[in-house]
Structure formats: structure tokens, C-alpha cells
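In what follows, a single structure is set out as C-alpha cells and then discussed.
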Amino acid sequence: MNRIADVPPFIGLSLKGGFFVKPMSALKSTLLLTAVSLFGQGVGFVYRVFLSRMVGAEVMGLYQLVMPVFSVLMSLTAIGFTVACSNLSARYQALGNHAAAAQTVRSCIAGFLTAFAVVALVVAPLSDPISAGLLGDARAQLGLLLLLPCVLLTGLENIHKHSFYGLGRVAPPAFTEILEQLIRTGAVLGLLWYFLPQNPERTVGLIVCGMILCEVFSAVTLSVLYRRAFGRNPKGERVDGKVLGKNIRSIALPIGWTALLGNLMGAATSVLIPQRLVRAGADVSSAMSAFGVMCGMTLPMLTLPTAFISAMSLVLLPKLSQARALGRTDLIRRRAGKAITATAWLILPTSALLAVVGPPLGRALFREPSVGLFAAPLALGVVLTCFESVLAGCLNGLGKQTLAARNGLICGAIQLLLTWWRMGLPGVGLRGYVEALLVSTLLGVWLNGRALHRAINLPCQWFHWLVAPGLSALLAGLCANLLFPILTRSGLGEGAGAAVCLGFGALLYLSAMAAQGELRRREAGTGLSR
């Protein structure tokens with residue numbers, strides 16, 4: 001997301017030494033990306049804590065209103081091309097044709113730039129009616145305009161990043177990601193510290209300006225690393241341009257349109273939340289504040305454990321694409337099964353513990369009394385979202401983008417309709433959004449799971465996927481729920497008590513898994529196979 005004009009010296013030396021060029025196994029790639037994602041999630045969480053304290057709940061709500069537009073613009077321009085780049089690069093890499101992989105990257109960049117030019121020419125002159133009419137708040141206009149250069153830089157960054165992922169070279173984007181997170185945090189908080197106080201519109205604009213500075217570094221750095229790693233004349237033969245364009249479109253169009261419709265529905269949901277709260281009786285300021293607390297504080301805290309899922313998904317798609325190109329159905333089943341198992345082993349216990357300690361931890365960090373509202377059902381929603389995402393990633397890796405897209409659109413439409421209906425009822429409020437999230441994600445897990453089973457005849461391992469980790473997570477959560485009030489009554493602060501409960505719950509979870517024989521069964525490792 002951010003870049004500088006000159007490559008850091010240690011990166012240049014690593015490139016010559018081969019560490020940044022040599023492909024990694026899926027397990028090593030996942031572990032490296034997980035470590036980077038955990039670091040990024042940690043830095044991002046600290047960033048959100050300071051950001052919320054500096055700008056307040058109302059500005060956080062306005063910022064959360066603008067950011068779905070960023071997702072919509074990315075789906076219109078870049079998302080389809082990044083997935084196509086990763087998928088096709090992995091396919092040509094498996095066949096030993098590096099020249100075709102490089103040709104794929106260039107074609108995806110050209111397609112992205114064309115799409116961005118069209119979108120920018122439409123959005124820029126219509127920024128006022130979009131912000132006032134569609135988003136429902138004219139104060140979003142400045143942030144909307146500043147999103148355009150941010151989208152341009154992010155799109156270029158992501159295509160180069162996914163070209164590395166597709167070829168199994170995760171080190172360059174991983175270490176760039178670390179620097180990116182640090183630069184974004186420093187740039188945004190530095191701009192706010194220097195220029196505040198400002199009105200809410202300008203404050204959101206300052207936040208987006210910090211994001212642009214971060215993206216400049218990332219786009220330049222990954223572009224330079226790509227050219228140094230792969231050179232000007234990679235080995236292999238170029239493929240027919242028309243055939244390549246057809247292959248790119250067959251992946252990019254369904255992925256892009258699905259992401260667009262899904263993000264449009266997500267943006268509509270974000271716009272609906274404060275509007276339906278107002279309809280139910282809240283004033284505009286309190287409605288925007290409640291929206292900012294839930295989507296800008298509570299949910300980011302509960303989604304901290306998803307760093308591993310994001311990393312695994314980045315590795316999983318090209319690995320499944322390679323196995324598919326080689327006709328290895330057995331390898332596809334093994335990798336998909338291990339991905340589901342790893343998701344359950346991590347997300348179930350962390351979500352159970354955060355459902356208990358999340359509210360006091362959030363109050364201690366964000367200094368907002370309503371942080372952690374609906375923590376338990378939202379944590380369940382995070383679990384279902386992770387399973388839905390991993391299953392959809394498996395379908396995308398198998399070339400079933402249209403099927404995964406259809407399932408995502410169905411679930412997004414149901415969430416939007418339920419949110420509109422339930423939140424408009426007196427006395428329901430934000431509970432209506434939580435209900436809609438749970439229903440739509442549960443349906444998404446079922447649809448994607450059924451589709452994956454039909455595609456590769458994946459055997460269901462209910463005990464290892466759900467029963468064993470689910471019971472262990474439930475035990476850890478219940479014991480943490482009993483321990484926390486005892487610690488606070490003894491004089492320990494809420495933040496320290498939450499930290500103790502997290503550590504105790506993690507040990508208890510591992511002990512329960514060992515008692516069920518799961519640790520012995522998985523002692524060889526639960527990562528994706530090579």
C-alpha cells in the first residue's frame with residue numbers, strides 16, 4: 001500500500017542472495033504471511049485505537065461511510081485483475097512458462113489502468129451527488145475525491161503483489177506490507193496531530209491523504225522489486241495475446257462483477273445503518289457515533305485473529321490452481337481439508353475468548369463505554385465469515401469463480417434486506433444488523449460448502465473441523481467468563497484481567513485439544529502441503 005522511490009538496501013541484497021526470489025512451500029508461505037498479517041493487524045489495531053481517540057466516534061462513523069466506496073472502486077477496477085494475475089501466474093509457473101507469467105502481469109496492469117481511467121472520469125465530476133445523495137452525507141465528498149489516487153496506487157500495488165503470490169514468492173510483498181503498515185500509521189496520525197482540529201470532512205480527508213502517502217511507497221517498492229526479481233527476459237514462450245486476454249477476462253469479469261455487487265451491497269448496508277437508526281428514533285450525530293463504534297472499534301477488535309485466514313487464503317488460491325493444472329485432485333482435497341481444519345483450530349478459540357474479554361478490553365483501549373456491544377453474536381459472525389471466505393477461496397482456486405460469486409451475491413442481498421427490515425423496527429436498532437450478519441454468513445457457509453463437496457467430493461471431517469475445536473473453544477470461553485469477574489473483584493484492572501483470561505483460555509484450549517487426541521493427530525503440522 002505504500003512505497004518509496006528507492007529500494008531499501010537490505011531488500012536489494014536479499015534479492016541478489018535469492019531469499020526474495022526462491023519460491024517457498026505453502027506451509028512456509030502461510031507462516032510468513034501469518035506473521036506479517038499478525039504484525040499488520042496489531043499495528044492496525046493500535047492505529048485504530050489512537051485514531052478513534054484523536055477524531056472521536058462521529059468522525060469514525062463518517063470515515064466508515066467513505067471506506068465502502070473504496071471497496072466498490074477497487075472491485076470496479078482492480079480486484080478481478082489481481083485474482084486473474086495470481087491464478088494464471090500460478091498456472092504458467094506450474095507449467096514452467098515464466099515468460100507467459102510475466103506477460104500476464106503486463107496484460108493485467110493494462111486492463112486495470114483502462115478500467116481506472118473510465119471510473120475516474122465518471123466519479124470525479126459526480127462526487128457531490130454521490131456523497132450527498134447516495135452516501136447520505138455531503139461531508140464525505142472530500143474523502144471520496146481523494147480515494148481516486150489511492151485506488152490507482154493500490155491497484156498497481158496489488159497486481160504486483162499477487163504476481164509474487166502466484167509464483168510462490170511471498171517474501172517481497174510480505175516485507176513491503178510491514179513497512180506499509182508502519183508508514184500508514186505514522187502518516188495518518190502525524191497529519192492529524194499537526195492539522196487538528198478540523199471539521200469532520202477535512203479530518204476524513206487528512207486520513208485518506210495519509211493512506212495515499214502509504215500507497216505511494218508500496219506501489220513504487222513492489223514495482224521495483226518485481227523488475228529486479230524477474231528481469232526483462234524471463235524463460236519460456238509468450239502465449240497468444242487473444243488467448244491470454246480471454247483467459248484473463250474469464251477470471252476477472254466474474255470475480256470483478258461479484259466483488260462489485262457484493263461491495264455495493266456492503267456499502268448500501270453501511271449507508272443503511274445510520275439511516276435506519278435515525279428512522280428508529282436516534283438523532284443523526286448519535287446514529288453516526290453508534291455506527292462508528294460498532295464498525296470502527298468493536299468489529300476490528302473481533303477480527304484481529306483473521307490475520308491467519310487472510311494469509312492462508314493468499315497462498316491457497318495459487319496452490320489449488322497449480323494442483324488443478326497438474327490434474328492432482330488428491331492434492332486439492334488434502335489442501336482444502338487442511339485449510340478448513342486450520343481455520344477451525346484458530347478462529348473458534350480466539351473468537352470464543354474475545355466474545356468474553358472483548359467488551360472490557362475495548363472499553364480500556366478505546367475509552368468508549370459502548371465498545372463490545374453484541375460482542376458474542378458478532379464473534380460468531382466472524383467465525384462464520386472466516387469459514388465462508390476460506391470455502392469461497394477454494395472454489396476460486398478450482399476455477400469455480402462464477403459459483404462462488406453467485407453464492408456471495410445471494411448472501412449479500414439477504415443481509416441487505418434483513419438489515420433494512422429489522423433495523424427500521426422500533427426497539428431493534430443495531431441488533432437488526434447483527435441478526436442479518438449471522439443469517440447471511442450461515443447461509444454462505446452452507447452454499448460454499450455444498451458447492452466445494454460437489455466439485456471435488458471432499459469428505460466431511462466433522463469431528464476435526466467442528467466438534468473437537470468447538471468443544472475446546474467453548475470450555476475456554478466459559479472458564480474465562482468465570483475467571484474475569486474474580487480477577488476484577490480482586491483489584492486487577494479490566495485490561496490486565498482480559499490479558500490474563502486470554503492466556504489462560506489459550507492454555508486451556510490446547511489442553512482440551514490434547515485430551516481429545518487432536519494434537520497427536522496433527523503433530524506433523526496442520527499447514528498446507530507443498
Side-chain angles (χ1 to χ4, degrees), residues 1-4 33-71 74 143 146-147 150-151 153-154 157-158 161 173-198 200 202-219 221 270 289 291-311 350 354 358 361-368 371-372 382 495 498-499:
M1 281 182 69
N2 312 16
R3 338 269 118 160
I4 53 177
L33 289 177
T34 298
V36 173
S37 295
L38 286 173
F39 175 83
Q41 290 274 49
V43 172
F45 186 70
V46 173
Y47 159 74
R48 279 187 173 271
V49 170
F50 283 101
L51 180 64
S52 64
R53 290 183 179 182
M54 293 179 74
V55 303
E58 184 176 0
V59 172
M60 285 297 292
L62 186 61
Y63 172 65
Q64 292 299 136
L65 195 64
V66 171
M67 288 314 294
V69 180
F70 176 78
S71 300
M74 286 295 294
L146 291 173
L147 282 179
C150 194
V151 168
L153 294 166
T154 305
E157 168 206 354
N158 284 348
K161 181 184 293 184
F175 284 96
T176 304
E177 183 77 18
I178 293 176
L179 298 176
E180 173 186 332
Q181 293 290 334
L182 295 174
I183 292 175
R184 184 188 66 172
T185 301
V188 173
L189 297 182
L191 287 173
L192 292 175
W193 175 80
Y194 186 81
F195 288 104
L196 286 183
Q198 297 287 336
R202 291 182 178 178
T203 303
V204 173
L206 288 173
I207 297 173
V208 181
C209 283
M211 294 169 56
I212 293 174
L213 294 176
C214 162
E215 294 301 330
V216 169
F217 162 76
S218 298
T221 301
S270 298
S289 298
F291 174 57
V293 169
M294 172 170 281
C295 296
M297 302 179 193
T298 303
L299 277 174
M301 178 178 61
L302 295 176
T303 55
L304 279 174
T306 61
F308 173 79
I309 306 303
S310 301
T350 50
L354 285 174
L361 186 63
R363 289 193 293 268
L365 292 173
F366 292 103
R367 298 177 182 173
E368 281 285 345
V371 173
V382 170

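Count residues from 1 along the sequence. Since this is a predicted model, take the numbers as computed values, not measurements. Quick note: numbers below take in every heavy atom, side chains included, and nothing from hydrogens, waters or symmetry partners.
Shortest non-hydrogen contact noted between Leu146 and Cys209 is CD1-SG, 3.7 Å. Between Trp193 and Met54, the shortest heavy-atom contact is N-CE, 3.6 Å. Between Gly210 and Ala187, the shortest heavy-atom contact is O-CB, 3.7 Å.
Of the inter-residue distances, the one linking Glu157 atom CD with Glu177 atom CD reads 7.0 Å to the nearest 0.5 angstrom. Rounding to the nearest 0.5 angstrom, the gap separating the OG1 atom in Thr154 from the NZ atom in Lys161 is 9.0 Å. With rounding to the nearest 0.5 angstrom, the CD1 atom of Ile183 is 9.0 Å from the CG atom of Leu213. Residue Leu189 holds its CG atom at 9.5 Å from CZ of Arg184, rounded to the nearest 0.5 Å. Interatomic distance, CD1 of Ile207 versus OH of Tyr47, reported as 5.5 Å (0.5 Å rounding).
Contact of the Phe70 side chain with the Val208 side chain is not registered, since no non-hydrogen atoms from C-beta on lie closer than 4.5 Å. Under the 4.5 Å side-chain criterion, counting only non-hydrogen atoms from C-beta, Asn158 is in contact with Met74.
For Val382, the side chain to side chain contact (heavy atoms under 4.5 Å, CB included) partners two or more places apart in sequence, or in a different chain, are Leu302, Thr303, Thr306, Ser351, Cys386.
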What do the steps show when you test Leu206 against Val188 for side-chain contact (heavy atoms from CB on, under 4.5 Å), and what is the final call?
CA-CA 7 Å; Leu206 288 173; Val188 173; over 6 Å; no
Begin from the C-alpha positions of Leu192 and Leu51 and carry the test side-chain contact (heavy atoms from CB on, under 4.5 Å) through to its verdict.
CA-CA 9 Å; Leu192 292 175; Leu51 180 64; 3.3 Å; yes
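Judged by a 6.0 Å distance limit and a 45° cone about the ring axis, Arg202 is not positioned over the six-membered ring of Phe195.
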